[in-house]
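First the structure, in the form of structure tokens, and then the observations on it.
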2 protein chains.
Amino acid sequence: MNMPAFEPSQGRMNPVLVTSAALGIVDSKPISNFVDGQNIYCDGERAGQVYRVEFGAVRVYRVLANGRRQILDFHLVGNWFGLQNEDFRRSSAEAIGATGIKSISLQETRFIWQGLVPVVLENYSSAQEHQLVIGRQSAIERVAAFLLEMSNRAGGTCKFDLFMPRIDIADYLGLTIETVSRALTKLKSGSIIRLQGTRGVEIVNYRALQNLCQ
Amino acid sequence: MNMPAFEPSQGRMNPVLVTSAALGIVDSKPISNFVDGQNIYCDGERAGQVYRVEFGAVRVYRVLANGRRQILDFHLVGNWFGLQNEDFRRSSAEAIGATGIKSISLQETRFIWQGLVPVVLENYSSAQEHQLVIGRQSAIERVAAFLLEMSNRAGGTCKFDLFMPRIDIADYLGLTIETVSRALTKLKSGSIIRLQGTRGVEIVNYRALQNLCQ
DNA sequence: CGTGAGCTTGAGCTCGATCAAAGAGTGTGG
DNA sequence: CCACACTCTTTGATCGAGCTCAAGCTCACG
């Protein structure tokens with residue numbers, strides 16, 4: 001049985017179709033440009049806008065009192081972020097590399113909430129998927145799951161670039177950079193992946209990677 | 001490079017008000033009764049309905065191929081669950097104790113999606129909150145966070161009953177039952193909580209518990 | 001070609017998992 | 001009402017995955 005309220009969406013790959021209502025509004029906005037590491041919004045700040053990545057990437061994260069950081073989600077081209085119900089931000093968002101963002105104010109969103117429902121549901125779904133990874137997977141399984149996720153979001157290619165440094169991967173997966181590095185080395189040694197430079201990844205044995213994710 | 005200034009969000013919708021449309025439909029439905037452990041929906045199943053807890057409680061979980069289980073969320077009285085974008089379930093839902101559920105078909109939801117937006121946003125928000133706990137907190141910090149969450153959801157009282165067994169707490173927090181038990185014992189020894197029987201909890205030192213959560 | 005940030009590798013340690021057993025709580029039947 | 005049985009929980013002992021601390025190494029950049 002289909003969800004009749006909106007068109008079906010393929011994972012997070014194709015948000016363009018499902019948000020056509022929102023697109024009409026956001027497309028008329030100018031692109032705001034951000035440099036690497038630049039803040040888009042901040043924990044504790046009043047929430048005023050909803051955002052869409054036009055180019056580049058964004059990390060959304062929280063920092064605990066003791067300095068430990070958890071990256072809640074990465075957002076790539078076409079992804080919406082910053083959607084929330086509360087008045088104040090409970091996380092921060094930063095550009096990864098040179099990044100372009102379009103935004104609409106929350107006041108405008110009342111006209112397009114319906115169009116954004118699938119977007120929120122997808123974000124929710126991927127948050128739950130991620131709970132499973134960080135709750136019940138070993139280090140190597142987390143890294144394998146991460147590589148598959150990035151491969152998917154890069155369009156399903158087996159050769160792609162990671163757009164974030166190791167520390168971001170570690171903070172996304174709930175690990176340390178050393179453990180991430182060791183896991184990547186292990187996957188390389190097992191001829192499951194190939195590494196090119198510090199960001200390039202090629203999945204050689206896709207099946208083996210999937211098996212690791214349970 | 002600067003984002004336009006954040007505008008204050010005026011007249012933020014109250015979740016109770018905005019779900020009134022949904023409430024109107026679901027209130028006319030009969031309550032379905034479930035016994036302890038009974039399945040409400042199943043991983044892989046075609047998704048047909050959205051649910052609301054009338055009494056009792058529900059656990060939503062995923063099981064990995066190797067048998068490891070992760071509880072994604074607990075749902076208490078008044079909570080909606082089962083909202084998703086995909087056609088098929090990616091998790092299972094079970095009653096905890098005697099539980100009453102009202103449901104509406106997804107076909108009906110087209111009339112109330114807009115009303116359910118805050119519900120989805122809240123579920124999304126709590127999923128992210130939980131990512132932080134299982135990604136970057138130690139065992140005792142996770143258990144402390146869990147007790148505070150349950151206290152809040154029980155209405156902010158410091159004396160309440162846990163409605164789930166230790167194994168559910170463990171699978172929610174990404175720990176083992178032994179570790180959960182040890183953490184509870186430690187909190188008891190530190191006079192931060194008091195335990196009554198196997199389910200009863202009283203928070204004696206609320207501040208100390210909050211400090212543990214960072 | 002030099003420099004520094006980011007990444008990898010190594011050694012040792014710690015927290016939580018695992019394995020094992022005892023204790024508490026609940027329900028059933030004599 | 002108590003004895004038994006069963007499940008759930010607690011406690012103990014040991015082990016190992018991943019963290020921490022500490023060097024080296026790479027690579028992108030000037």
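Per chain, numbering begins at 1; letters A, B, ... match sequence-line order.
Residue-level contact check: L175(A) touches the backbone only, with heavy atoms under 4.0 Å from sugar-phosphate atoms and none from bases.
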Distance-only check: which donor-acceptor pairs under 3.5 Å involve side-chain atoms of residues 185-203 of chain A, not counting sequence neighbours?
unit_1, atom_1, unit_2, atom_2, d
T185(A), OG1, S181(A), O, 2.9
S189(A), OG, T185(A), O, 2.7
R199(A), NH1, F163(A), O, 3.3

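Applying the side-chain hydrogen bond (donor to acceptor under 3.5 Å, both in side chains) test to S151(A) and every residue at least two apart in sequence or in another chain returns nothing. Residues forming a ring-ring contact (aromatic ring centres under 6.0 Å, His included) with Y51(B) (at least two apart in sequence, or on another chain): Y41(B), F81(B).
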TODO: Would you give a per-nucleotide map of nucleotides 20-30 of chain D, 5' to 3', where B means the base has a protein non-hydrogen atom under 4.0 Å away, S means only the sugar-phosphate does, and - means neither?
DONE: BB---------

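For S181(B), taking side-chain heavy atoms from C-beta onward, the closest of the listed nucleotides dC7(C), dG16(C), dT11(D) is dT11(D).
Atom CD1 of I134(B) and atom C1' of dC15(C) are 18 Å apart (whole Å). Distance CD1 (I177(B)) to P (dG16(C)): 16 Å, rounded to an integer number of Å. We find that CZ of F163(A) is positioned 17 Å from P of dG6(C), with the value rounded to whole Å. Atom CG in L162(B) sits roughly 10 Å away from atom P in dT10(D) (whole-Å rounding). The distance between atom CZ of R166(B) and atom P of dG25(C), rounded to the nearest whole Å, is 11 Å. Atom P of nucleotide dA5(C) and atom CG of D168(A) are separated by 17 Å, given to the nearest angstrom. Spacing between atom CD of Q137(B) and atom C1' of dG16(C) amounts to 15 Å, rounded to whole angstrom units. In this structure, CG of L195(B) is placed 18 Å from P of dC8(D), rounded to the nearest angstrom.
Among residue pairs with one or both ends in residues 156-170 of chain B, those qualifying as side-chain hydrogen bond (donor to acceptor under 3.5 Å, both in side chains) are R59(B)-D168(B), R69(B)-D168(B); sequence neighbours excluded. Residue pairs meeting the ring-ring contact (aromatic ring centres under 6.0 Å, His included) criterion with at least one partner in residues 134-157 of chain A, sequence neighbours excluded, are F146(A)-Y172(A).
Checking M164(A) against R136(A), the closest nucleotide of DNA chain C that is more toward the 5' end is the one next to M164(A). Position along DNA chain D of the nearest nucleotide to I140(A) versus T185(B) favours T185(B) as the more 5'-ward residue.
There is a side-chain donor-acceptor pair under 3.5 Å between N66(B) and R68(B). Defined by atom type and a distance below 3.5 Å, a donor-acceptor pair is missing between the side-chain atoms of Q70(B) and Y61(B).
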